[in-house]
Every structure is written in structure tokens, then in C-alpha cells.
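Written below as C-alpha cells is the structure these notes are about.
FYI, side chains are in, hydrogens and waters are out, and symmetry mates aren't considered; it's all heavy atoms of this structure.
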Amino acid sequence: MFLINCPYCGERDQQEFKAGGEAHIERPKQPTELSDDEWAEYLFMRKNIKGVQFERWNHAHGCRKWFNMARDTSNDEIKAIYKMGEKPPTQ
Amino acid sequence: MRNKYSIFSLFKNALSYHENWQRAWKDPAPKKEYDAVIVGGGGHGLATAYYLAKKHNMQNIAVVEKGWIGGGNTGRNTTIIRSNYLWDASAGLYDHALKIWEGLSQELNYNVMFSQRGVMNLAHNLQDVRDLKRRTHANRLNGIDAVYLNTEEVKKFCPIINTSQDIRYPVLGGTLQRRAGTARHDAVAWGYARGADEMGVDIIQNCEVKSIKRSGDTVEGIETTKGFIKTKKIGVVAAGHSSVVANMAGLKLPLESKPLQALVSEPVKPIIDTVVMSNAVHAYVSQSDKGELVIGAGTDDYISYSQKGSHQIVEGTLNAILELYPIFSRMRMLRQWGGIVDICPDASPILSKTSIKGLYFNCGWGTGGFKATPGSGDLFAHTIANDEPHKLNAAFNLNRFVSGDLVDEHGAAAVAH
């Protein structure tokens with residue numbers, strides 16, 4: 001349980017948010033040409049990192065907007081929060 | 001040779017104030033090379049080693065564990081054992097385990113305190129009723145005992161349940177598997193460790209795997225905190241940390257690791273002599289032999305390895321518990337803890353070979369792995385020894401995420417995964 005600084009609403013309880021899983025997984029541009037392996041990679045395979053992970057969150061019980069987060073999954077410490085469409089921080 | 005545990009050995013050791021019991025397993029330094037190495041000394045890993053030694057004549061093997069054996073999810077779960085799964089593949093897998101549970105204490109000469117006190121799953125809405133009836137029929141077609149109970153029968157089987165129809169989620173019925181029940185989780189790890197050790201398996205604790213060495217597509221060994229160990233076969237049974245180990249071999253798995261919480265109350269006199277689970281309101285409860293209520297909460301929705309869950313998850317579970325069992329309203333909770341569970345997209349496990357020769361994974365058990373411990377060990381040992389899955393775990397291969405042949409127990413299982 002932790003506080004999340006929503007880029008639109010400010011600091012709120014994590015309870016208000018919905019985790020959306022790993023970020024920056026790009027939807028295939030030409031789905032019809034994808035092999036089964038590539039589909040599996042897109043749909044199911046996840047990095048599931050222990051350490052700093054980039055992920056999507058949604059302020060479900062607030063502004064309902066999506067945003068990205070860099071969070072250390074080994075201790076739940078939030079490293080950075082950035083908006084959808086922005087590049088992940090390098091450090 | 002191990003001394004056999006019996007009433008006579010208990011008596012004999014009582015005479016020397018229980019100070020001369022033989023060690024249950026050795027504490028060896030790792031050898032340079034093994035025929036196989038199991039990564040992860042929880043129940044599943046130790047069971048795998050036990051069956052490799054016992055049924056496949058592989059005694060030159062080791063189990064490496066980064067902490068102490070049974071210190072992970074084996075020691076953190078709510079010890080429920082059942083096999084009333086919907087799909088044929090799951091029914092085969094979990095009932096195989098349940099059948100081994102029934103003779104396990106005798107086989108291991110170690111009391112795992114397996115208690116077939118029955119598991120009841122409650123229905124709280126019309127869809128639950130339909131789903132549970134369907135599952136009862138499916139179970140019976142697979143030879144698994146299951147009965148459907150109406151509200152009165154639920155009340156009769158477990159009188160402390162509030163079956164009043166004016167609560168928010170009234171009890172409309174339920175299923176009962178009488179062969180299901182609970183076991184002592186630590187004893188399962190210790191019993192398998194003692195059995196495996198006796199057959200020559202090296203159980204190496206405080207030994208963390210740092211990297212997996214491969215040449216091309218074949219494994220060569222593991223680098224650990226206690227040095228390099230050469231081996232041709234590596235069986236990874238690392239639960240919540242499976243993805244971390246897979247990453248060392250350059251593999252990606254379809255897993256997400258999330259915190260799952262449980263809690264126990266202060267001990268009280270016997271009040272509930274069965275296990276009651278409810279998927280819809282997410283509450284399940286049983287009572288340990290010490291008298292504590294053992295309560296399972298749900299998972300958080302975010303990935304975390306912190307072994308800490310959110311407070312509102314516990315609060316939600318206790319709300320449901322209090323509505324179903326008003327008699328518990330003044331109970332105090334003693335302990336609450338979290339563990340990290342590795343969840344597959346279809347909520348079914350992976351017991352499989354991988355694209356790397358000699359590397360096998362047993363993972364993805366999510367929130368329900370304890371019940372499968374003996375069966376999982378047996379089938380994973382078969383898979384490692386023969387380099388081919390047993391027919392009971394063939395459906396639980398890694399390739400199902402490519403072929404689309406998922407074993408979708410998410411909506412079908414008796415309780416949320």
C-alpha cells in the first residue's frame with residue numbers, strides 16, 4: 001500500500017488506482033501478418049521484473065486517466081511518474 | 001540409515017528429554033557436479049527431488065534453496081487441499097495429487113497431518129449456483145467426489161454460517177468435496193526433505209542461484225553463492241521468483257508476480273470443523289489444530305516482490321468473513337503476512353520443458369499451489385527424468401500460450417486465483 005502522485009490529481013491513496021501491467025508493449029502494427037510465436041509474445045509473455053519496472057496505472061476512482069510509472073517492485077518505491085505517450089525516464 | 005519415527009521412538013527419546021533425536025537431513029556443501037539440480041527448496045522442489053530419487057533412480061541430485069527450506073510460500077499458504085476443478089486436465093492433475101496426499105504420511109514416515117475435513121464452496125448469486133452445479137457434474141464425470149448442497153444443507157454442514165437471506169450476498173447453496181481438507185504445510189517440506197536426504201539427495205540451504213550457464217541451447221550448470229555447480233538438468237521451482245530465474249537463462253515466461261495475503265486469529269476452541277471458501281465475496285476460512293482461524297485474502301493487482309500487500313485487501317476479506325460468520329465479530333487477528341505468487345494468464349500452472357535443453361520449469365501455480373505439492377513433484381520428476389511430460393501434465397506445457405490451447409481455470413476454478 002502506497003501513495004501515488006497522479007499527474008492530474010496529485011497525491012492519492014493507491015486504493016483509488018488500478019494497475020494496468022507492463023507499459024510500452026506496442027500493439028502489433030499488422031496483426032494479420034503475425035506468427036503464433038509473435039502473438040504469444042505480445043499477449044502473454046511478460047518481463048515481470050524484480051527491480052525498476054515501467055508500468056501503466058489508471059486513476060480508476062479519480063480522474064480515470066491512464067499514466068505510466070517507474071516503480072521498484074522489490075520494495076514498491078515509486079521512482080517516476082510520466083504521462084501516456086512520453087518516453088520512460090532513463091535513470 | 002534414518003531411524004523410523006514411531007510411538008516407540010517417541011517414548012525412547014522422551015527418556016533422554018528429546019535431546020538425542022537424529023538430524024532429519026544433512027547440511028552438505030555442494031559437490032562439483034550433479035545429474036540434476038532443483039532450484040527452490042519449497043514443497044514442490046523437495047517433492048520433485050524425492051520422486052526423482054525414489055521413482056527415477058536419480059540419487060546424485062541437489063536441491064538449492066536461497067533461504068531455508070519451506071521458508072517461502074510453503075510456509076505462508078492457508079493449507080487447503082482439494083481437487084474439484086472444472087476442466088479435465090486440471091481435474092487429472094489435482095486429483096493425482098489428492099490421491100498421493102491420502103497415503104503421504106505413511107509413505108514418508110512423517111505426519112503431514114492431512115485432514116480430510118471437507119471443503120465447501122459457497123454460491124452467492126444465480127450465476128454462482130449455475131457454475132457450481134456445472135462443476136459438480138464435471139467433477140463427477142472425472143471421478144472426483146462432489147455434491148451440491150442447498151442453503152439448508154450448507155447450514156447443517158457448517159452451522160455457524162449466516163444463511164439469512166437479507167445479507168448483502170446471501171448464501172444460495174454450495175458444493176462439498178468430502179475428500180478435500182488441509183495438511184500441515186511445514187511438515188510437507190520437512191517430510192519430503194527427510195525422505196529425499198535419506199536417499200542421498202543433497203539439500204543445500206542459503207545457496208542462491210546467481211546465473212545459469214549455457215552453451216548454445218544446452219544448460220551447463222548454475223553459478224551460486226556457494227560456487228559453480230555443473231549439471232545437465234536444471235528444474236526450476238522458484239514460485240514467485242520464477243521470472244527472475246528464467247531471466248538468467250534469457251527466457252521470458254507468461255507470469256506476473258503479485259502479493260497474496262493471509263492472516264490467522266488468536267486461538268479458540270473448535271468452532272469450524274471444515275474449510276469454507278467463497279469466491280464471490282472472496283473469503284475463506286478453516287481452523288488449525290492450534291485453534292487459530294486461518295483466513296485467506298486476495299491478491300493485489302500490481303506486480304510486486306515486496307511480500308507486502310495492501311491493507312484494503314485484508315479489510316475486504318474480513319468484511320466478507322464477518323458477514324458470513326457474525327460469531328467471529330469479536331475475534332482478534334494475531335498475524336498477517338504476504339507471499340509472492342506467480343500467476344499465469346489462464347490461472348493454470350506450467351510444468352514443462354523449455355526451448356533450452358536441460359532446463360525445466362515448474363511454476364505459475366498462482367494462489368493455489370500447496371494442494372498440488374505431491375502430484376506436482378511426481379509429475380515434474382517424470383518430466384525431468386524422461387525429458388518428456390507425463391500424460392497428466394502434458395496439457396500444462398509452456399507452448400500452450402503459443403498454440404492457444406489454454407487451461408482456463410480463471411473463471412472456472414472454485415475460488416479466485
### Query
Do you see a donor-acceptor pair shorter than 3.5 Å between the side chains of B/Thr383 and B/Glu388?
no

### Message
Please rank A/Arg46, A/Arg71, A/Lys50 by heavy-atom pairs under 4.5 Å with chain B and give me the top one.
### Response
A/Lys50

### Task
Determine whether B/Trp365 and B/Ser376 make a side-chain contact, defined as any pair of heavy atoms from C-beta on separated by less than 4.5 Å.
yes

#### Entry: Interchain contact, B/Leu406 with chain A, by part (heavy-atom threshold 4.5 Å)
side chain

### Task
Taking all non-hydrogen atoms of both residues into account, name the closest pair between B/Ser348 and B/Glu409 and its distance.
OG-CG, 3.7 Å

### Query
Is it the side chain or the backbone of A/Gln53 that comes within 4.5 Å of chain B heavy atoms, both, or neither?
side chain

### Query
What part of A/Leu43 gets closer than 4.5 Å to chain B, counting heavy atoms only: side chain, backbone, both or neither?
neither

### Query
Any ion pair linking B/Lys252 and A/Glu41 (charged N to carboxylate O, less than 4.0 Å)?
yes

### Query
Of the backbone (N, CA, C, O) and the side chain (C-beta and beyond), which part of A/Asp37 lies under 4.5 Å from a heavy atom of chain B, both, or neither?
both

### Query
What is the minimum heavy-atom distance between B/Cys344 and B/Arg400, and which atoms define it?
SG-NH2, 4.1 Å

### Task
Among the options B/Asn247, B/Val244, B/Val402, B/Asp300, pick out the one with the most heavy-atom pairs lying under 4.5 Å from chain A.
B/Val402

### Task
For the pair B/Asp301 and A/Lys18, find out whether any cationic side-chain nitrogen is under 4.0 Å from an anionic carboxylate oxygen.
yes

### Message
So for B/Ile303, is it side chain, backbone, both, or neither that comes closer than 4.5 Å to the heavy atoms of chain A?
### Response
both

### Task
Report the option among B/Ala246, B/Pro345, B/Pro259 that has the most heavy-atom pairs separated by less than 4.5 Å from atoms of chain A.
B/Pro345

### Message
Only pairs of heavy atoms separated by less than 4.5 Å count here; which of A/Trp39, A/Phe17, A/Phe2 has the most with chain B?
### Response
A/Phe2

### Task
For this output row, return yes or no: ring centroids of B/His44 and B/Phe380 closer than 6.0 angstrom.
no

